[in-house]
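Protein chains get the first letters and strands the later ones, always in sequence-line order, with residue 1 at the start of each.
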Amino acid sequence: MDFPFLNELNESQQKAVTYTDGASLVIAGAGSGKTRVLTYKIAYLLQTGMAPGSILALTFTNKAAREMKERIADMVGINTARYLWMGTFHAIFSRILRSEAEHIGYSKNFTIYDSADSKSLVKSIVKEMKLDDKLYKHGVVQSRISYAKNNLITPDAYLGNTDLLKADNASRVPLIKDIYKIYCNRCKQADAMDFDDLLLQTNVLFRNHPDILNKYQNIFKYILVDEYQDTNFAQYLIVKKLAELHEKICVVGDDAQSIYSFRGANIDNILQFKNTYKNAQVFKLEQNYRSTKTIVNAANSLIDKNSKQIKKTVFSEKEVGKPIKILSVFTDYEEGFVVANSIADLRHSQNYRFQDIAILYRTNSQSRVMEEALRKQNTPYRIYGGLSFYQRKEIKDVIAYCRLICNPNDEEAMKRIINYPARGIGETTVNKLIDCAQLHAVSAWDILNDMLKYNLAVNAGTANKLAQFRAMIDIFAEQIPTQNAYDLVNSIVKTTGVISDTYIDRSPENMSKQENVQELLKAIHEFCEAKQQAGESIALLPDYLAEISLLTDQDTDKETDKDKITLMTVHAAKGLEFKAVFIVGMEEELFPSPFCTQSERELEEERRLFYVAITRAEERCFISYSKSRFKNGKTNFSNPSRFIRDIDEQFLDMPVEAKPKQARIGDWDDDVEIERNRFNKLAFSKPVIDDNFTAPIPKRLVKIESTKETKIPTTNSSIPVGAFVKHSMFGIGKVLETSTVDGNEKADIDFGEKGRKSLLLKFAKLEVLN
DNA sequence: GTATAAACACTTTTT
DNA sequence: GTGTTTATAC
């Protein structure tokens, strides 16, 4: 067949694209053109005459779906591409669930609870049950419930699952089973589904209604799944059921990049694909087009240490490139400084733009020191992750009004705004309301609608306030079918006074909140415009809510973020690529995360995470570790990550304890100058005290000798409490307390303006002032 | 019921 | 160190 784009693919890619007879698995090594295969395959299917409405393509992020759709639109035209069923699992199946809602006892406009709503609901249930929230931590409860749902274990099935019950008993949380049951009832009562429900309920729908399953089996003539290694059991089963009839399915993934098992992803789905689909063809994409030979080989040598994997040989035909540089520093502060300096060097020597460079870390909290260092050099950066637009308080408040108006049963939305802005409905009243609703097995809204009937025990004044609140929501609700979303939200914001407390002063925080709400209104306006252009007479608020409930911050990229350094977690970096990548904080107790060192299985996932990090780099890769790090308000000491040793040494440029760099004369301000001196002193000198760097030591200054790794704890510190010491950066301070941590002497010192610091004598260059 | 301060927790997180 | 939640006084 004549497919004009075929020559743009290599041989194995071509084979994967043109095989459409049955099930196929494409094992795509990092940087091997996975997305390319998916997009070309869809274009190819369309070329064979398949209708776009018959193709289902599932991804894990909105961004991936959008980008793929754009690329296909470029090949076949937007008017074909727009009819593709392309989106995230959650988006596609929430769409199906809405249109089939009546069959599973939900309404078309059900609410989607985000993780904050789930958290809040879990916490209130634990409280209502009078359980100890030290034991029943919301995170634990949430993850158990999520685990159950992802594995299609209903509350009733949970009661019969001895393994789960035993595990809960062993963890001293035997009542998870009851919390789970109540949680589900409450969601149902609120006409709400959490993220996991979207997959669970789809399975319920298909299980209980074979006719509906059959309808979709016939609609979807070809199914494609991206990032298959990240699917959980619920997703696996949906796909399996839909593909059962024709087995026209193609899944793409890389077992070496499976990093979401903590969210229920089951790597066995991809490892066992050939058992699920007996006649499946397997295609391997092994040529990496992204990275240098060194980076690919280094990554290979790392992932080789994992036992569970599909055999493949990823190779690169690009140049050998430079070895991976390992940077060793003494504090997290210096790490930022070294990275920022290296970035400046790269820009000068390699002509890299900011957007070519990324700093990747294991945890979001590491972004701060990096941020500070970059800011000092006036280096533009953009941090991904953290609080997203939709998670900001002011936005959530406005959205909560919208949610409650569209679905008055939405308990979490109601709790948020029933007394915001304050209208005299306090905690006790809300508790009474919810207790009463539980007692009668109805929603809180039902109680509000007939407080007398349900005997809500509140005084007349409170009852009046509740009635007023109900009336206000009702008035807005009545306007839903006639008002467009923008006008309605505008009047909500104006009349409810959700953001009135931001008008009390013109502080930057308040101004920013107002701007954010304006931004939200703008987005709703754009939504309405788009609907109008699509030929719809009116854009309704429930449709807008349905659209945004599955959006994340990554879906709101701004033009102003063009040429900037990227800072993000390794997880967030999956699927991206940069000319140069800095992987920071490569230390034990951080990467691998201490929560993941218990089992080999978890450790292998951490190793895959590191693999993902390295393979983001096209040309240069830097790995840094610090010997101490400020964490949760304390300084911790750490060793280089075991994973560094997993990389074949021939690909590494290990730190040399070299001569100090020639100080450069430049436009450094004093602060940076001090920093650099400090860094040079510490990083390039093996002994803690190096006379080359210290100006002739006045007699009255006594050097503190480093205490080598003594295993015997010492009570008498070589530095007396109450003494005054001098630090190269913090200046003069008073010793408040000394202690020994893991054989290392530590001193808590008050540096006055610079604050209280906890320093390890081994590293901190201190001079005792006599 | 509301405003403040102390206490508290704190991986990763496509949806 | 930071943001959130709970305890306390008003």
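Contact annotation for A/Thr88: backbone-only contact, meaning every heavy-atom pair under 4.0 Å involves sugar-phosphate atoms and none involves a base.
The side-chain hydrogen bond (donor to acceptor under 3.5 Å, both in side chains) test applied to A/Asp117 returns A/Arg403, not counting sequence neighbours.
Counting only residues at least two apart or in different chains, salt bridge (charged side-chain N to carboxylate O under 4.0 Å, His left out) contacts with residues 121-131 of chain A comprise A/Glu128-A/Arg186. Under the side-chain hydrogen bond (donor to acceptor under 3.5 Å, both in side chains) criterion, the residue pairs touching residues 422-435 of chain A are A/Tyr401-A/Arg423, with sequence neighbours excluded.
Taking a 4.0 Å limit (strictly below) on heavy-atom distances, residues 252-265 of chain A reaches DNA chain B at A/Tyr260, A/Phe262, A/Arg263.
With B/dT12, B/dT14, B/dT11 as the choices, the nucleotide that has an atom nearest any side-chain atom of A/Phe595 turns out to be B/dT11.
At whole-Å resolution of the value, CZ in A/Arg608 and C1' in B/dT13 are 16 Å apart. When the P atom of B/dT13 is taken as reference, atom CG of A/Asn232 falls 18 Å away, rounded to whole Å. Rounded to an integer number of Å, the gap from A/Leu590 CG to B/dT11 P is 11 Å. Whole-Å rounding puts the A/Lys574 NZ to B/dT15 P distance at 12 Å.
Figure legend: cation-pi geometry between A/Arg607 and A/Tyr611 absent, as NZ or CZ is not positioned both under 6.0 Å from the six-membered ring centre and within 45° of its axis. For the pair A/Lys574 and A/Tyr260, the cation does not sit on the ring face, since its NZ or CZ is not both under 6.0 Å from the ring centre and inside 45° of the axis. Because its NZ or CZ atom is both nearer than 6.0 Å to the ring centre of A/Tyr106 and within 45° of the ring axis, A/Lys188 counts as a cation-pi partner of that residue.
Counted by atom type alone, A/Asp501 and A/Tyr420 present one or more donor-acceptor pairs between their side chains at under 3.5 Å.
The phosphate of B/dT13 (OP1 or OP2) has a side-chain N or O of A/Thr569 nearer than 4.0 angstrom. Taking only side-chain nitrogens and oxygens, A/Asn62 never comes nearer than 4.0 Å to OP1 or OP2 of B/dT14.
For the atom pair CG (A/Asn407) and SG (A/Cys402), the distance works out to 12.5 Å, reported to the nearest 0.5 Å.
Along DNA chain B, the nucleotide nearest A/His138 and the nucleotide nearest A/Asn364 are compared for position; the residue whose nucleotide lies closer to the 5' end is A/His138.
When the shell of 6.0 Å around NZ of A/Lys396 is examined, it contains more than 12 heavy atoms from other residues, nucleotides or ligands.
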Could you list all N or O pairs between the protein and nucleotides 1-4 of chain C that sit under 3.5 Å apart?
{"residue": "C/dG1", "atom": "O3'", "partner": "A/Arg368", "partner atom": "NH1", "Å": "2.9"}
{"residue": "C/dG1", "atom": "O6", "partner": "A/Asn632", "partner atom": "O", "Å": "3.4"}

Taking only N/O atoms, report every protein-nucleotides 1-8 of chain B pair under 3.5 Å with atom names and distance.
{"residue": "B/dG1", "atom": "OP1", "partner": "A/Thr429", "partner atom": "OG1", "Å": "2.9"}
{"residue": "B/dG1", "atom": "OP2", "partner": "A/Thr428", "partner atom": "OG1", "Å": "2.2"}
{"residue": "B/dT2", "atom": "OP2", "partner": "A/Asn419", "partner atom": "ND2", "Å": "3.1"}

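Classified by its glycosidic torsion, B/dT12 falls in the anti category, the angle being over 90° from 0.
Partner of A/Arg629 under the salt bridge (charged side-chain N to carboxylate O under 4.0 Å, His left out) criterion, out of A/Glu588, A/Glu335, A/Glu334: A/Glu335 alone.
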- List the steps and the verdict of side-chain hydrogen bond (donor to acceptor under 3.5 Å, both in side chains) for A/Asn459 and A/Thr462. CA-CA 5 Å; A/Asn459 62 42; A/Thr462 309; 2.8 Å; yes
